[in-house]
2 protein chains.
Amino acid sequence: MTDEEGTVAPTHAATRSDVARLAGVSTAVVSYVVNNGPRPVAAATRARVLDAMEQLGYRPNAVARALRLRSAQAIGLVVPDVSNTYFGALARELSDQAFAAGYALLLGDADNDIDRERAQVESLVSHQIDGLVIVSLDPASVAETGSTPTVFLDQRSRPGQLSVMVDDRGGAMQAVSHLIGHGRTRIALLSGPRGAPGVERRQQGWRDALQAEGLPNGDELIVRSEFSRAGGFEAGRELLRRADRPDAVFVTSDVQALGLLAAARREGIGVPDELAVISFDGTEDAVYSDPPLTAIEQPIRLIAEAAFTAVLQKGLERSPLLIPVELVARESCGCAATAR
Amino acid sequence: MTDEEGTVAPTHAATRSDVARLAGVSTAVVSYVVNNGPRPVAAATRARVLDAMEQLGYRPNAVARALRLRSAQAIGLVVPDVSNTYFGALARELSDQAFAAGYALLLGDADNDIDRERAQVESLVSHQIDGLVIVSLDPASVAETGSTPTVFLDQRSRPGQLSVMVDDRGGAMQAVSHLIGHGRTRIALLSGPRGAPGVERRQQGWRDALQAEGLPNGDELIVRSEFSRAGGFEAGRELLRRADRPDAVFVTSDVQALGLLAAARREGIGVPDELAVISFDGTEDAVYSDPPLTAIEQPIRLIAEAAFTAVLQKGLERSPLLIPVELVARESCGCAATAR
DNA sequence: CTGTTAGCGCATTCAA
DNA sequence: TTGAATGCGCTAACAG
């Protein structure tokens with residue numbers, strides 16, 4: 001009820017033709033001032049238009065614009081789980097990039113589910129996004145994105161595919177070498193889900209570094225879990241209860257390492273004294289844990305920049321970038337104790 | 001060039017009229033089968049259409065649909081910082097809700113900046129979202145959302161506004177009472193940014209609970225920081241270095257509490273023995289910290305459900321919901337020690 | 001410098 | 001049960 005009061009609140013939001021009418025110009029002119037082109041507009045006219053827009057509280061309709069331009073001025077991001085610290089940070093940085101360039105960000109949370117991931121990708125693509133950045137659970141089975149430029153983060157399945165790669169193997173090798181430098185000899189791997197981004201290469205790095213020193217690197221030293229605190233806790237507990245418990249662990253993500261630390265505490269195993277730990281990611285999680293985690297730090301801002309650039313300027317960056325990572329020593333590896 | 005080769009690769013993605021042509025029907029019929037209505041379609045015809053869609057790899061254009069329907073089948077979420085565990089979890093749950101209902105989620109990260117927040121809101125609204133959920137830095141200065149239903153999370157500025165409120169005051173009182181039950185008498189407050197969601201009411205609850213017991217509750221017992229680990233660390237350090245150091249702290253968020261725990265460790269202050277801590281949020285951060293945080297747990301899934309429902313069925317839920325919270329005892333309050 | 005106008009892809013009313 | 005035609009709001013020729 002009380003909808004036909006009239007004159008008070010406009011039924012629809014103002015459109016460009018309302019503005020044109022009020023300003024006494026054509027709709028084209030309104031476009032020209034809104035978009036600052038492509039044709040010039042007389043200063044006086046422009047002022048009238050601006051004034052009319054103001055009066056009407058005019059807001060351009062981005063959807064109509066998107067239909068016309070075949071571009072929504074938006075990019076999509078699909079991750080397995082935004083509530084994971086690393087992916088959250090990634091979403092934040094990408095949102096930053098997008099915003100700075102005038103793009104909106106559509107987020108698809110795959111909920112660690114491959115079907116959900118497919119559905120999210122299809123939904124985003126149908127929304128006419130200008131590009132898609134995806135951290136896939138299984139890059140081989142990602143839905144077809146047609147003409148939407150798509151960049152995979154830290155994974156590559158098909159050859160010609162756009163990717164931003166992180167130096168997973170190198171990082172893992174750094175981590176393991178560091179552990180060896182601390183005199184550790186039985187270095188386990190707390191790995192992530194098969195096929196998850198970076199996992200295979202981090203694993204390879206772990207193995208290669210161990211191999212080079214003639215240290216044990218068999219599958220019996222590997223445990224796996226999801227990228228989560230709970231996963232790291234369970235897998236860590238299993239590992240730490242073994243008779244031939246390792247004296248160090250390289251972990252494929254910060255959140256898993258948080259779980260591992262909790263497991264060590266529960267088992268009464270001192271870190272770093274009895275168990276040295278180095279994780280991959282180097283998010284804020286690593287800085288404020290107990291003990292603070294020595295970690296292979298991913299430059300998330302750089303990664304987001306590279307991804308954003310690649311996705312919007314397809315062609316140029318077809319060379320797969322390799323983002324460097326670096327070891328940031330904190331306490332979980334034993335460095336602090338050594339220093340003391 | 002090579003555009004008239006035909007039959008090979010279509011220049012544009014297939015549209016409804018390509019499908020119609022191939023199936024030998026009108027575009028209206030294609031609509032009917034795509035949308036399963038509003039008119040019936042003969043089984044044989046439907047089969048032909050489905051077949052044509054398949055052949056062409058047809059994907060409906062959500063933007064065109066949105067323009068026509070004046071609804072993008074999408075909702076927006078604006079938070080101060082997605083990389084904050086709590087907001088990340090919220091984004092995830094809301095994404096879940098939206099997905100289940102066939103909606104996409106547009107995410108706006110305000111980057112803890114009020115101007116950025118305004119811009120994000122405007123951008124989302126212009127994208128014709130069907131509803132907006134916002135956790136605002138300053139609800140009074142949120143951009144006008146016009147006819148887009150908007151629900152504020154845990155804050156209310158204007159009277160008629162849609163909100164999903166959490167029982168902040170009650171939760172804070174529970175926390176403080178619990179601390180008092182452990183014999184603590186000098187209970188500080190590590191508070192959040194002024195105007196941030198829930199902060200004022202949590203502060204009120206802290207004060208009221210203390211007041212009721214005749215315990216000190218002056219402003220000198222309050223320190224403030226952003227909702228971040230780093231903020232909690234700095235403010236915590238300041239607090240713990242005072243001559244009249246408190247014997248307990250109620251913290252307005254998990255991430256701040258993580259920072260406080262790190263500060264206590266740095267200062268050599270034992271938690272919970274010398275300093276009991278209870279935080280607000282109860283995310284996974286609380287479960288795997290050292291010691292695990294006793295926390296007032298927010299039912300994030302419930303909150304997301306309430307917000308989603310409210311935003312899409314405006315009118316119905318105009319009564320401001322009050323979501324209950326509950327204290328989950330872990331170790332930082334001293335319960336474990338008591339039990340032992 | 002400004003006005004007219006033809007679509008962008010889709011849903012739907014009106015005819016058939 | 002199906003087809004033809006209209007318009008959602010906007011951009012960008014094309015024509016003054």
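Below, each value reflects all heavy atoms present in this structure, side chains not excepted, and no hydrogens, waters or symmetry copies. Chain identifiers are assigned alphabetically (A, B, ...) following the order of the sequence lines, protein sequences preceding nucleic acid strands; residue numbering begins at 1 within each chain.
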Mind checking [X] for me? I need base, sugar-phosphate or nothing, with any heavy atom below 4.0 Å counting as a touch.
X	result
B:Val25	sugar-phosphate
B:Ala42	sugar-phosphate
A:Ser17	nothing
B:Val41	sugar-phosphate
A:Thr15	sugar-phosphate
B:Val63	nothing

Want to settle it: does B:Gly24 or B:Leu69 sit nearer the 5' end of DNA chain D, counting the closest nucleotide to each?
B:Gly24
Nearest-nucleotide pick for [X], side chain only, options being [options]:
X	options	value
B:Ala28	D:dT1, D:dA12, D:dA4	D:dA4
B:Tyr32	D:dA13, C:dT13, D:dG9	C:dT13
B:Val29	C:dT12, D:dT2, D:dC8	D:dT2

Using a strict threshold of under 4.0 Å (side-chain N to carboxylate O), is an ion pair present between [Y] and [X]?
X	Y	result
B:Asp138	B:Arg194	no
A:Asp18	A:Arg21	yes
A:Arg116	B:Asp96	yes

[X] [atom1] to [N] [atom2]: how many Å, rounded?
X	N	atom1	atom2	answer
A:Arg48	C:dC1	CZ	P	14 Å
B:Arg46	D:dT2	CZ	C1'	14 Å
A:Arg39	C:dT5	CZ	P	18 Å
A:His127	C:dC8	NE2	P	21 Å
B:Arg68	C:dT13	CZ	C1'	9 Å
A:Asn35	C:dT2	CG	P	16 Å
A:Gln73	D:dG9	CD	P	20 Å
A:Leu67	C:dA6	CG	P	17 Å

Does any donor atom in the side chain of A:Ser71 or A:Gln128 lie under 3.5 Å from an acceptor atom in the other side chain?
no
I want to check one thing: is the phosphate of C:dT2, taken as OP1 and OP2, less than 4.0 Å away from some side-chain N or O of A:Thr45?
yes
Is the phosphate of D:dG9, meaning OP1 or OP2, less than 4.0 Å from a side-chain N or O of A:Arg65?
no
Are the side chains of A:Ile323 and A:Val164 in contact, using a 4.5 Å heavy-atom criterion?
yes
Quick check: do A:Tyr58 and A:Val34 have side-chain heavy atoms less than 4.5 Å from each other?
yes
Taking donor-acceptor contacts at under 3.5 Å, does the side chain of A:Tyr58 reach the base of D:dG9?
no
